[in-house]
Amino acid sequence: MADKEPLFARVALIGIGLIGSSLAHAIRRKGLAGEIVVQTRRAETLKRAEELGLGDRYETDATEAVKGADLVILSIPVGACGPVAAEIGPHLQNGAILTDVGSTKGTVVSDVAPHVPEGVHFIPGHPIAGTEHSGPDAGFASLFEGRWTILTPLPDADPAAVAKLTDFWTACGSKVETMDPEHHDRVLAIVSHLPHIIAYNIVGTADDLEAVSKSEVIKYSASGFRDFTRLAASDPTMWRDVCLSNRDAILEMLGRFSEDLASLQRAIRWGDGDKLFDMFTRTRAVRRSIIEAGQEVDAPDFGRHPEIAGVNVKDGD
Ligand code: NAP
């Protein structure tokens, strides 16, 4: 624990999977809480969190966990946020900050806000950092370092509470930006949700193919397919909820994607090499910009450097 007063006296982590456990590590490492209370619904997950020493106190009952906490963080699937907020709402401490880490924001706001009592600051959030792994073993303290966290405060949010939550994420290593929930959902639809849906689809298509055997798909996967399988290995519950809760923005982006794919298909059919070359040149420049922005390293990844293979951060959820 650091010498100075921690930012929060008691942090309640509701959900202790990849994101919750990464928060637990980061909070501990930076001395951000006087006490960490870990809550999860299943006894086996809680037991594992305890074995890993992620908290100071452990609860399966969310209402017990949030009592007296000045920061409550929901790190559970977005579809579960509404029901859990209804359960904990009456037990939240006056003046507490309630936030979440969900990958979509519009439905989290509409599902959670009605259950937040007056005097509690509800400030939705989303760290743009993740991996394809789940559960309490998957977390690590540096997950948020150098990554963006987006806060989507409601119009009447208390600036002091927003500033305090910004300080929290900054201390966890994040860069913080605020935007409205609708804009967040449109941006994330293209940078995260669509890539995952495309990955799920291409891996599903390959799995269904009869002309190519499954063993060949696996054997020759390093030629490109393998990179899609990493995204397609992401948690099915989380991604089901993302698709259901960001339906409109995802459908809009899928519509645009399908049009552009048809245009690419036409270029291939008509042997329009110039069009293909121009497009592939433009997309290569996008990757260079991402590297320049420090959101990816410039290491050759198709061959997978063994030293970075174990920490292949996905950064996109
Ligand atoms: P995870 O590793 O699968 O952990 C999920 C946690 O939520 C577990 O503690 C689990 O409890 C609990 N949970 C599952 N279903 C629940 C329900 N119906 N009611 C209450 N609790 C439930 O998930 P995660 O990857 O940390 O994701 C958590 C949130 O972070 C999601 O909203 C996701 O959109 C967001 N997010 C994820 C990533 C990523 O890359 N994974 C990145 C950014 C944001 P039990 O094990 O006890 O069932």
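Note that the coordinates shown come from a computational prediction; the quantities given were computed from them, not determined experimentally.
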Whether the side chain of [X] engages the backbone of [Y] through a donor-acceptor N/O pair (distance < 3.5 Å, no angle test) should be reported.
X    : Y    : value
D70  : R10  : yes
D185 : T104 : no
Y220 : F225 : no
T99  : I123 : yes
H196 : S192 : yes
E259 : R256 : no
S21  : P136 : yes
S221 : R226 : no
T45  : R41  : no

> Taking the six-membered ring of F8, is NZ or CZ of K164 closer than 6.0 Å to its centre and within 45° of its axis?
Replying inline: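 Yes, a cation-pi geometry holds between K164 and F8.
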Co-membership, hydrophobic cluster, residues [X] and [Y], 4.5 Å side-chain:
X    : Y    : result
V78  : L98  : yes
I250 : I128 : yes
L71  : L154 : no
I88  : V109 : yes
V84  : V72  : yes

>> Quick check for you: to the nearest 0.5 Å, what is the distance between C81 atom SG and H115 atom NE2?
In response: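 Here the rounded value is 11.0 Å.
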> Say you draw a straight line from CD of Q39 to OG of S75; how long is it, rounded to the nearest 0.5 Å?
Replying inline: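 Reported value, rounded in 0.5 Å steps: 10.5 Å.
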> Would you say the side chain of V217 lies within less than 4.5 Å of the side chain of L209, judging by non-hydrogen atoms?
Replying inline: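 Contact flag for L209/V217 side chains = no.
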> Would you call the rings of H193 and W239 parallel, tilted or perpendicular if under 30° counts as parallel and over 60° as perpendicular?
Replying inline: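 Aromatic pair H193/W239 classed perpendicular.
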Determine, for [X] against [Y], whether the closest basic-nitrogen to carboxylate-oxygen distance falls under 4.0 angstrom.
X    : Y    : value
R147 : E145 : no
D100 : K105 : yes
K214 : D207 : yes
D56  : R28  : yes
E44  : R48  : no

Closest approach of [X] and [Y], non-hydrogen atoms and distance?
X    : Y    : answer
S245 : T107 : CB-OG1, 3.0 Å
H121 : G95  : CD2-O, 3.6 Å
Y200 : S234 : OH-O, 2.9 Å
A189 : N246 : CB-ND2, 3.9 Å

>> Checking M179 against I150 for the side-chain contact (heavy atoms from CB on, under 4.5 Å) test, could you report, in this order, the C-alpha distance in whole Å, the side-chain angles of both residues, the deciding distance, and whether it holds?
In response: CA-CA 7 Å; M179 62 178 73; I150 299 174; 3.5 Å; yes
> Looking just at side-chain N and O atoms, do S263 and K275 make a donor-acceptor pair shorter than 3.5 Å?
Replying inline: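 Their side chains do contain a donor-acceptor pair, which is all the 3.5 Å distance test asks for.
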> Got a sec, which residues hit side chain to side chain donor-acceptor pair (under 3.5 Å) with S174, two or more places apart in sequence or on another chain?
Replying inline: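 Residues passing side chain to side chain donor-acceptor pair (under 3.5 Å) with S174: T149.
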>> For the CZ atom on R57, are there more than 12 heavy atoms of other groups (residues, nucleotides or ligands in this structure) within a distance under 6.0 Å?
In response: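 Atom CZ in R57 is packed in, count exceeds 12.
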